[in-house]
Amino acid sequence: MSWYDEVEYIRKQAKLNNEFFANSLPMIASENVLSPLCREMLITDFHGRYAEGSPGKRYYEGCKFFDNVEIKAMELAKKLFNCSYADVRPTAGTTANIGILKALIKPGETATVLDLANGAHISFGKWGGAGVRGINLISYPFNDEMMNIDVDGAVKLIKKVKPKLALNGRSVFLFPSPIKELAEAAHEVGAYLIYDAAHVLGLIGGKQFQDPLREGADVMNGSTHKTLPGPQGGMVLSDHKGDTDEDKSFLRKLNFGIFPGVTSSYHLHHVAAKAIAYAEHLEFGKAYAKQTINNAQHFAQALHERGFKVFGEKLGFTKSHQILVEIGPGKGKEASKTLEGAGIVTNMNTIPGDTDPFRPSGLRLGTPELTRLGMKESEMEAVADFYQRALIKKEKPEKIKADVKEFRKDFQELHYCFKEGFRGYDYHKLI
Ligand SMILES: Cc1ncc(COP(=O)(O)O)c(C=O)c1O
């Protein structure tokens, strides 16, 4: 066997993976697919180059064209999110979170957070970035029925413990957070309110979710590859204008937290693809975000009608791209495995009351990718039928998988992005 065989093996796995996803229903709430124009940027010469610093102030030469790209990316990001400060360098949502913690809070100081069991992300937990930074974490009370932070309890908590940062980061994010109230309390005690929009950035950019920077958040950050369908990466935004010395210092610290705090080379090809994703979102984001949420609401209702216990019933199940379903004590993994066998890709998830993160009792489902593939409300009914057949009627997964493959045949084209042929665009000409 030669090393070439190993290369062939890897290429084959990639091909099989492509085929698997092209024939399945991808419903992981944090995933999405890249447009052809974004994808093109990933194989340009920007890949692998170094550009430490910021445009015009580089440690390395050769950045002339990349500087233009980064300046444009920041400009488009500010336009998309209607704000005055944008940092497009973080290489992931987690990197953005840790950079912000590095900038704005010191080891031993206190931050208020959501509990992991109630849908927080690990990067604001003791086993993740917040733990690495040595921060003292105090959890907000949570209202299970409303699937949200208990606003009165959280306000009282912030006023009592006087944190340095009031954090809002949610991986289970069905309904908008009470940012106005939390920000008022935080500002009263001299704390900053940080809104980790990893999951909902594309919905916010599409103007179909809450607008945290208008509601009082000092910083909004997130991943650029979830509901915002760009390349894998992160970003940091703020509407602080730097018009006082204190505010200038705040923005300087934020900037310094990302570089040199948590980046060196920051994957320049991804920055170029982010710029394209922002432009595409300015053009298509509103329609895409609206349809994504409509699909999620319709799908949740369809599951409910087919006998599933879906969270948030009293509030219309969801106002985002996500749906949270209770499967049974410790049964989330079994359900997600059954669905995978049926060609439906999901993930197990903790639900309120779960204590063991390795034996969750629910599934978190998302509609962003199905929406990008062109599915609408009527398709959500068909998808709910597949779930019912797999998990309630317990039909053989292989039979459902064949039907899913047939169903997917009509949904192979990507929507809400500039298409091949747009203004004579030819994928092969640039490279
Ligand atoms: C709330 C939240 N923050 C941060 C992240 C981390 O994002 P990334 O995977 O881009 O590092 C996630 C990931 O799902 C998340 O849900």
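One-based numbering, in listed order, for ligands and for the atoms of each.
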What atoms of ligand 1 come within less than 4.0 Å of a heavy atom belonging to [X]?
X      : result
Arg170 : 1 (C)
Ser223 : 7 (O), 8 (P), 10 (O)
Thr94  : 6 (C), 7 (O), 8 (P), 11 (O)
His225 : 10 (O)
Asn97  : 3 (N), 4 (C)
Gly93  : 7 (O), 8 (P), 10 (O), 11 (O)

May I ask you to check whether over 12 heavy atoms, not counting those of [X], lie within 6.0 Å of atom [atom1]?
X      : atom1 : value
Lys102 : NZ    : yes
Lys79  : NZ    : no
Lys207 : NZ    : yes

message = Main chain of Pro231, side chain of Arg39: is a donor-acceptor contact present, judged purely on distance under 3.5 Å?
response =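 No, the answer is negative, given that no donor and acceptor are paired below the 3.5 Å cut-off.
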Original post:
For the side chain of Asp218 and the backbone of Leu193, is there at least one donor-acceptor N/O pair under 3.5 Å apart?
Top reply: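 A pair under 3.5 Å: yes.
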By side-chain hydrogen bond (donor to acceptor under 3.5 Å, both in side chains), Asp144 pairs with (sequence neighbours left out) none
Q: Starting from atom 16 (O) of ligand 1, find the nearest protein heavy-atom neighbour and note its residue, name and distance.
A: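 Minimum-distance protein heavy atom for atom 16 (O) of ligand 1 reads Ser171 OG, 2.6 Å.
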Minimum non-hydrogen distance to atom 12 (C) of ligand 1, winning option of His199, Gln232, Arg364, Lys226:
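It is Lys226 whose heavy atom sits nearest to atom 12 (C) of ligand 1.
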